[in-house]
Number of protein chains: 2
Amino acid sequence: MLKLSKKADYGLMALQYIASVQFGDVAQARIINTKEIAEEHHIPVELLAKVLQALAKHGIVESQNGPKGGYLLARNAGTITIAQVLEAIEGPLGIADCYHDKDESTCLQREHCNIRTPLRKVQDSIYQLLNNMTVEDMMGGTPLITIQPTTTVEGVER
Amino acid sequence: MLKLSKKADYGLMALQYIASVQFGDVAQARIINTKEIAEEHHIPVELLAKVLQALAKHGIVESQNGPKGGYLLARNAGTITIAQVLEAIEGPLGIADCYHDKDESTCLQREHCNIRTPLRKVQDSIYQLLNNMTVEDMMGGTPLITIQPTTTVEGVER
DNA sequence: AGGTCTCCGATCAAATTGGTCGGATAAAAT
DNA sequence: ATTTTATCCGACCAATTTGATCGGAGACCT
């Protein structure tokens, strides 16, 4: 119940990873391709590619084609909210469709609905919660340095 | 995304209706059967029955068998939280399974997961939100009196 | 200019959810 | 007390959504 889809999970993981590499203190800012993210997190490559496409289309990441291509954040990590990410991947988010539906014909009990009004508060609270948290906030939670190409920090287990 | 299932919707509607009749100021406290709720809200009878079974099994409503049977709230409306209702209908709620999973084998990226820690705050906030709201809070949102068997109030449209 | 590596759109399989049916049970009427 | 009737209850089947995959087009490096 209320579970995030796997695509959403993968998207958030990818963004956290990209942001960490791009703005992390140790690693150099570099473009990251889909394969690297997929292998690092053990997720299917093609599916992750599809997710990143959606994020690119919505202006969250910037795609670069060709060899040595890949993705990088389109804007600062602090301006990308979780809500924006989820909506880019899975469409408008909400506990019910009737809060942002144009056609009202979909819900048969729309007229006699007795929970639409009270649940709107829940809807708004959840959205506000997700729209206040950014991928920058997720960077703090990363416990271990991921990849260290040049220098070597003391033995952080990988 | 993050949409409530229809079973969850139906369950909440039913509880709001039962609570309104049982504790409403005008209507007499009476047992309500599945058919009445289903017809009032235009939802499939058998599916609603299944939902109410789950709620009965979890001690949220009390079932009474036989003719003139039906359901009534097992405890006060103020003590039944939305979270309890949703969990009774659809199982444990959370934006990811890994927060209450026994077996850790399900999630392949569990070891390399970089969003589990930061998203836990979101998880807790949502749960707290749903666990603070009760069906009593939903009763305030009901705009129209539903059924009036004995006396007649002025023309409320049905 | 050729080759290679990347992104990109359309297509297919699996899982969850929505919906349905017949049997068991208990209360009421005869 | 027995029959009848209306309800709850558990197992079964279909539909929608989600997860995953494949082949093609475009861009960069050599």
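All values below come from the heavy atoms of this structure, side chains included, with hydrogens, waters and symmetry mates left out. Here is the naming used below: chain letters follow the sequence lines, and residue numbers restart at 1 for every chain. In this text the structure is predicted, and so the values were computed from the model without any measurement.
When rounded to the nearest whole Å, the span between NZ of A:Lys3 and C1' of D:dT17 equals 13 Å. Put simply, CG on B:Asn33 is 9 Å from C1' on D:dA6, counting in whole angstrom units. The interatomic distance linking B:Gln64 (CD) with C:dA26 (P) rounds to 12 Å, in whole Å. Atom CG in B:Leu2 sits about 16 Å away from atom P in D:dT17, given to the nearest Å. The CD atom of B:Glu36 sits 11 Å away from the P atom of D:dT7 (whole-angstrom rounding).
Aromatic ring orientation, B:His41 versus B:Tyr17: perpendicular (interplanar angle above 60°, classes split at 30° and 60°).
Using a 4.0 Å cutoff on non-hydrogen atoms, the parts of residues 4-12 of chain B near DNA chain C are B:Ser5, B:Lys6, B:Lys7, B:Tyr10, ordered by number. DNA chain C lies under 4.0 Å from at least one heavy atom of each of the following residues of residues 43-58 of chain B: B:Pro44, B:Glu46, B:Leu47, B:Lys50. For the contact set between residues 65-74 of chain A and DNA chain D, defined by any heavy atom under 4.0 Å, the members are A:Asn65, A:Gly66, A:Pro67.
In this structure a side-chain-to-backbone donor-acceptor pair under 3.5 Å is missing from A:Tyr127 to A:Leu93. No side-chain donor-acceptor contact under 3.5 Å links A:Asn76 to the backbone of A:Thr79.
With respect to A:Ile37, the side chain to side chain contact (heavy atoms under 4.5 Å, CB included) criterion is satisfied by exactly one of A:Ile32, A:Leu15, A:Val21: A:Ile32.
When all heavy atoms of A:Val61 and A:Leu52 are compared, the pair lying nearest together is CG2-O, 3.9 Å. The two atoms that bring B:Ile80 and B:Val85 nearest to each other are CG2-CG2, 3.7 Å, heavy atoms only.
Atoms CD1 and CD, on B:Ile31 and B:Glu62 in that order, are 9.5 Å from each other to the nearest 0.5 Å.
Between A:Ser63 and C:dC8 there is a side-chain polar atom (N or O) within less than 4.0 angstrom of OP1 or OP2. For the pair B:Thr34 and D:dC8, the criterion of a side-chain N or O lying under 4.0 Å from OP1 or OP2 is met.
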